[in-house]
Amino acid sequence: AGTAVTAAVQIAQALEAEGDTAGIYAWADFADGTRRAVYASELNVQESSASLDLSSPTSGAPWVITVASGAVGTCGDLVTVNWQACSTPVASDHAYVNVDLPGASGLVVTADESKVTSPSDPASQDPVSVKTQVSFATRVIFENGASQTLTGDSRVEVTVLNLDCATLVTGDADTVRVKSSVNRETCTEVQVLVSVASFGVETTVSVPIVYLASLEVLVSPFPSFTGSTSMVV
């Protein structure tokens with residue numbers, strides 16, 4: 001009784017990207033100079049920034065903060081930790097957190113098809129089977145050299161630049177399909193602008209549109225015989 005107690009809390013990791021996590025650890029310093037770790041189950045933790053998500057401890061693990069999707073750079077005493085013993089407050093402290101997010105320097109967009117065609121063109125049919133739609137995978141590059149995949153992320157906006165030739169697939173914001181009725185002379189490629197406004201980056205991508213020009217059918221004798229391979233009808 002009467003023993004003075006102070007609490008110290010520490011964030012153990014650097015936070016430099018969305019999804020980065022940090023464990024929260026606390027120690028109790030006593031007036032007699034001794035120190036002991038405080039179990040996560042004895043702590044009540046709160047975060048004060050929308051850039052952080054907080055997860056309660058499980059199976060002996062610490063409390064964890066995670067850099068939230070759409071986070072912005074911030075720093076300060078963003079975590080408050082209260083130590084409770086038998087539901088009675090004992091001590092509290094704040095943890096300094098530095099969410100140091102680098103700026104975006106570029107955008108890499110990859111198409112899953114090297115070419116596409118119109119659904120009305122014979123090239124879309126067997127045995128040629130050229131695809132009539134193309135999906136785009138998006139990756140943002142940061143100034144520190146790190147990258148983050150944003151495929152399927154609602155922050156990615158795909159805009160078709162030649163709407164007379166192609167359109168976005170309903171319900172799939174990353175996929176574009178060629179229209180059935182197109183002008184072969186002017187519709188030579190799918191052109192899209194991919195942008196991520198929250199990171200301030202954008203880039204344009206194009207995928208060739210091809211059409212069936214001719215079909216050559218060769219017939220060889222069957223069953224084969226000596227010299228038959230040189231006989232083509």
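Counting from 1, the numbers follow the sequence of the chain as shown.
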Worksheet entry | From CA spacing to verdict: salt bridge (charged side-chain N to carboxylate O under 4.0 Å, His left out), E42, R36 | CA-CA 13 Å; E42 299 177 279; R36 81 163 179 88; 3.5 Å; yes
Worksheet item: Roughly how far, to the nearest 0.5 Å, is OG of S55 from CD1 of I65?
Response: 10.0 Å
Mind listing the side-chain donor-acceptor pairs of residues 198-215 below 3.5 Å, one per line with the distance, residues two or more places apart or on another chain?
{"from": "Y211", "atom 1": "OH", "to": "C187", "atom 2": "O", "distance (Å)": "2.6"}

Worksheet item: If only atom types and distance count, is the side chain of W63 paired as donor or acceptor with the main-chain N or O of A40 below 3.5 Å?
Response: yes
Worksheet item: So how far is it from R155 CZ to L150 CG, rounded to the nearest 0.5 Å?
Response: 5.5 Å
Fill in: Any side-chain donor near an acceptor of the partner, D126 and S129, under 3.5 Å
yes
Worksheet item: Closest approach of T188 and E185, non-hydrogen atoms and distance?
Response: CG2-O, 3.8 Å
Discussion item. Strictly by disulfide bond (SG atoms under 2.5 Å apart), give each pair with a member in residues 73-127 just once, sequence neighbours left out.
Written reply: none
Worksheet entry | Modelled atom types, side-chain donor and acceptor of S118 and D121, under 3.5 Å | no
Item to complete: Nearest 0.5 Å please: distance from the OG1 atom of T110 over to the CG atom of D112.
Response: 10.0 Å
Discussion item. Using a 3.5 Å distance criterion without hydrogens, assess whether the side chain of K179 forms a donor-acceptor pair with backbone atoms of L163.
Written reply: yes
Worksheet item: If only atom types and distance count, is the side chain of D174 paired as donor or acceptor with the main-chain N or O of G152 below 3.5 Å?
Response: yes
Worksheet item: Hey, does L15 have a side-chain heavy atom less than 4.5 Å from the side chain of V97?
Response: yes
Practice prompt. Measure the shortest side-chain to side-chain distance between F142 and E16 over non-hydrogen atoms and say whether it is less than 4.5 angstrom.
Written response: no
Discussion item. If you define the side chain from C-beta out and look only at heavy atoms, does anything of N44 sit under 4.5 Å from V81?
Written reply: no
Worksheet item: Distance-only, no hydrogens or angles: does the S48 side chain make a donor-acceptor pair with backbone N or O of L78 under 3.5 Å?
Response: yes
Worksheet item: So, E18 versus Q148: side-chain donor-acceptor pair below 3.5 Å or not?
Response: yes
Discussion item. Closer than 3.5 angstrom, by distance alone: can the side chain of T149 be matched with the main-chain N or O of T151 as a donor-acceptor pair?
Written reply: no
Discussion item. Do V160 and V116 land in one hydrophobic cluster if side-chain heavy atoms of ILVMFWY residues count as linked below 4.5 Å?
Written reply: yes
Discussion item. Going by side chain to side chain contact (heavy atoms under 4.5 Å, CB included), R177 matches just one of T167, T132, L168. Which one?
Written reply: T167
Item to complete: Give a yes or no on whether the backbone of S180 and the side-chain of S120 come within a donor-acceptor separation of less than 3.5 Å.
Response: yes
Practice prompt. List the atom of A166, the atom of V176, and the distance in Å for their closest heavy-atom pair.
Written response: CB-CG1, 3.6 Å
Discussion item. Could you see if F30 belongs to whatever hydrophobic cluster contains V38? Use Ile, Leu, Val, Met, Phe, Trp, Tyr and a side-chain cutoff under 4.5 Å.
Written reply: yes
Worksheet item: Q133 versus V169: any side-chain heavy-atom pair under 4.5 Å?
Response: yes
Discussion item. Within the structure provided, determine whether T66 and D20 are in side-chain contact (heavy-atom separation under 4.5 Å).
Written reply: no
Fill in: Other cluster members, V108 - Ile/Leu/Val/Met/Phe/Trp/Tyr, side-chain contacts below 4.5 Å
I141
Worksheet item: Do Q125 side-chain atoms and P122 backbone N/O form a donor-acceptor pair below 3.5 Å?
Response: no
Worksheet item: Looking at A37 and W27, what are the two nearest heavy atoms and their distance?
Response: CA-CD1, 3.9 Å
Fill in: S49 side-chain N/O to S51 backbone N/O, donor-acceptor pair under 3.5 Å
yes
Worksheet item: So, does N162 use its side chain to make a donor-acceptor pair with the main chain of Q191 at under 3.5 Å?
Response: yes
